[in-house]
Amino acid sequence: MNYLDTLNPPQKEAVTTTQGPLMVIAGAGSGKTRVLTFKIAYLMEHGIEPFNILALTFTNKAAKEMRNRIEKIVGTEARNLWMGTFHSVFAKILRFEAEKLGYTSNFTIYDTEDSLSLIKSIVKEFNLDDKVYKPNIVFSRISGAKNRLVSWQEYNRNPVFAAEDREQMKPEMGRLYKTYCERCFRANAMDFDDLLFQTNVLFRDHIDVLNKYQHKFHYVLVDEFQDTNLSQYLITRKLAAVHQNICVVGDDAQSIYSFRGADIQNILNFEKDYPDLKTVRLEQNYRSTQTIVKVANKVIANNKMQLRKEVWTSNDTGEPIELIKAATDGDEGRLVAGSIFEEKVRGGGGVSNKDFAILYRTNSQSRSFEEALRKMNIKYRIVAGLSFYQRKEIKDLIAYLRFTLNQNDEEALKRIINTPRRGIGDATVSKIVVTANDEKVSLWEVVCNATKHLGARVGKPVEEFSVLIKEFGIVEKQKDAYETALHVANKSGLLKELFDDKTVEGRARYENVQELLNGIKGFVDMPSNEPKTLATFLQQVSLLTGADENDNDDDKVTLMTIHASKGLEFKYVYVVGMEEDLFPSQMMLSNRNDLEEERRLFYVAITRAEKKLFVSYALQRYRFGNLRLCEPSRFLDELDQKYIRTMKPSNIREAISTPQQNNLTKLAATRTLNTVAKQPPVRSGTPTQQPEIQNFVPARPEQLKVGQAVFHQKFGKGQIQQLDFEGADRKAVVFFEQAGEKVLMLSFAKLMIL
DNA sequence: GCAGCCTACATTTTT
DNA sequence: TGTAGGCTGC
């Protein structure tokens, strides 16, 4: 068991403590994944059968990686582990047990788009104002309820919810929730939240089923425990109730999914549920330089809600954090790209593109970096939401496949019934839905007998469509996923329509569909995928995310959101767009008022870096096509100043001009330089008129005094009346002459010293 | 039923 | 800036 010797004492303790409840608080970079994989390998080497171990992760990627690593230690036996994301594991269990809940085993999994579209149509049917009942808002309300295990029945019973909704001017919310659930059920569909909610229902109402799985899983392991919501937590608690061998691994400082219902209290209160809990702390960081670890510690220390923990490292001091100030978002892109180039030159051949990551708060920020990297001929890849599977043509084919398996899938039906055009317009589709509602029959029933329900003229194409689908169903029963998909793509007319479209976009769409078909072929050819049916494939696809795509290890710079970066590490990390209102996000603060979560997000970003961290912001940024003034993020003043180096304008010019020295890219770089030189750094207005950044308070909040004259973007000139510093909480009462009122300031980033 | 034009509106994060 | 939905005219 030589691999145990590679562990430090707390890691070893976490691995070898197998009996009873165990909580591993794993600081960033402390070898969390190693501990989890070794622990599972250790269990298996001690005679535990893999199918008695349940390991739950947050992403497919994490599950896949862990499985590979375990396989290296224990061999192919690892394939029999019950390991995957919460959603995929419980989708699997729900398929086994679907009949008990009134679903069939080939139920559809609705993605967010399906859910929103369903809500939209219900709001319309109810004749409600969709400005008030915005699908997003309705959906998140429903989602929130489900994640807290509040059924629509309870929701409608409990006056507290009704009161809240009335306060929000949305009294119909309970009715919407009810109808949404009924429609999902009628469609034989579960949304993401249902996969967890219904599992709870299953375990609550069917003790025999619960017992079966309780006895099956001797060991339950949960990764990223800080990101579990109540629904997930209760599932794991129930499953571990018999054997009590539950091991949760997480870091409260990296809890960044509250919008999905994640509740940091699960980890903070875990010991209350398990009085004989053993806790192990992994505090040695193996990833980053001392500078990075110290800076990160200082940032997170501003949070009040956290478990005690002191992350340290014996690594080198490393280089200081570099602060990049840019005039505009375009400049920010150029400076970051230039800096990447410079680091590569400095590092000689030892540093390559894949060592770099650019992390941002919102996906929309990627643009300026893409542009700049492209101009400098630096290869990059974007880890985005769901790019490929979100394309119209891909969703269309998938909807055909979904509908072939489940003819109650209303959202799929709406998508494909007139794609390609068959002369079935919106009016007809509404008629189908209305008829189904009125006569209390399924949509499919109406579709199959459309001439009876809707009359001969309108009904004919609809019935023809139903014949087509029935034929697909016969093929599906006889052939594997690939052959079925190919058949459907051809016979539905989808491929032909795209083939006939000779425009550039049409070509691309046709190729995308071909790529999907290739993907299905690849799925069928992979021996571990069993059975090779359409159902298995769809199940996997519906739970895919952007991060699971293209893990080809080409040498490319990675661009992604901070959320997507969790669990990853890069030698050089650029945390960009450090502007107040953007990061911390204005939305987050106004809706949820959770500054601490935004700070944890910053912490996650910092701790991705191994060797060197860069932080950047722009003074002006394009938003909705308007140039807007930005202020540096309050998080910047939380960085330990003694580790910060500011990139001076001269450095900046150097960074941009460095490419010129390099022979290999001379041509491209010269071109780049020309364009840079020709373009004024600010797209409109003159950069010299920019206020000097030193004038902004956030850099030196201690400069503030009572009586100090200040300027605020919105309120104009003012004078500080009262000051209050307490840790990260800083308050100032400012009297503004123009507005003639006193304002309590919480964000000093809004203030300038006059 | 459908294509094309126009306007209004939105940008937090994701299984 | 880009897209989604509404409106118009065929």
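Quick note on labels: first sequence line is chain A, next is B, and so on, each numbered from 1. Atom set for the values below is all heavy atoms of this structure, side chains included, hydrogens, waters and symmetry mates excluded.
Phe86(A) comes within 4.0 angstrom of nothing in the nucleic acid, heavy atoms only. Among the heavy atoms of the strands lying under 4.0 Å from Thr428(A) are primed sugar atoms or P, OP1, OP2 only; no base atom is included. When heavy atoms are screened at a 4.0 angstrom cut-off, Thr362(A) is found touching the sugar-phosphate backbone but no base atom.
At a cut-off of 3.5 Å, with distance as the only test, no side-chain donor of Thr536(A) or Gln539(A) sits close to an acceptor on the other residue. Judged by distance alone, the side chains of Tyr380(A) and Arg374(A) do bring a donor and an acceptor atom under 3.5 Å apart. A donor atom on one side chain and an acceptor atom on the other are not found under 3.5 Å apart for Ser143(A) and Ser140(A). In this structure, a donor-acceptor pair under 3.5 Å is present between the side chains of Asp409(A) and Thr108(A).
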Check: For every nucleotide of nucleotides 1-10 of chain C, 5' to 3': is a protein heavy atom under 4.0 Å from its base (B), only from its sugar-phosphate (S), or from neither (-)?
Finding: BS--S-----

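At a non-hydrogen distance threshold of 4.0 Å, nothing from residues 137-149 of chain A comes into contact with DNA chain B.
With rounding to whole Å, Tyr360(A) atom OH is found 10 Å from dT14(B) atom P. Taking atom CG of residue Asp581(A) and atom C1' of nucleotide dT11(B), one finds them 14 Å apart after rounding to whole Å. Atom CG in Leu589(A) sits roughly 12 Å away from atom P in dT12(B) (whole-Å rounding). If you measure from atom NZ of Lys431(A) to atom C1' of dG1(B), you get 12 Å, rounded to the nearest angstrom. What separates CD of Glu113(A) from C1' of dT14(B) is a distance of 14 Å, to the nearest Å.
Residues forming a ring-ring contact (aromatic ring centres under 6.0 Å, His included) with Tyr103(A) (at least two apart in sequence, or on another chain): Phe185(A). Not counting sequence neighbours, the partners of Phe523(A) by the ring-ring contact (aromatic ring centres under 6.0 Å, His included) test are Phe537(A).
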Interface polar pairs with nucleotides 2-6 of chain B, N/O, under 3.5 angstrom:
| from | atom 1 | to | atom 2 | distance (Å) |
| --- | --- | --- | --- | --- |
| dC2(B) | OP2 | Asn418(A) | ND2 | 2.9 |
| dA3(B) | OP1 | Arg421(A) | NH1 | 3.3 |
| dA3(B) | OP2 | Arg421(A) | NH1 | 3.0 |

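In this structure, Tyr257(A) does not count as stacked on the base of dT14(B) under the 5.5 Å centre distance and 30° plane angle limits.
Of the residues Arg634(A), Glu596(A), Glu638(A), the one that meets the side-chain hydrogen bond (donor to acceptor under 3.5 Å, both in side chains) test with Asn302(A) is Glu638(A).
Paired regions of DNA chain C, where each region holds three or more successive Watson-Crick or G-U pairs whose two hydrogen-bonding distances fall under 3.5 Å, are B:1-10 with C:1-10.
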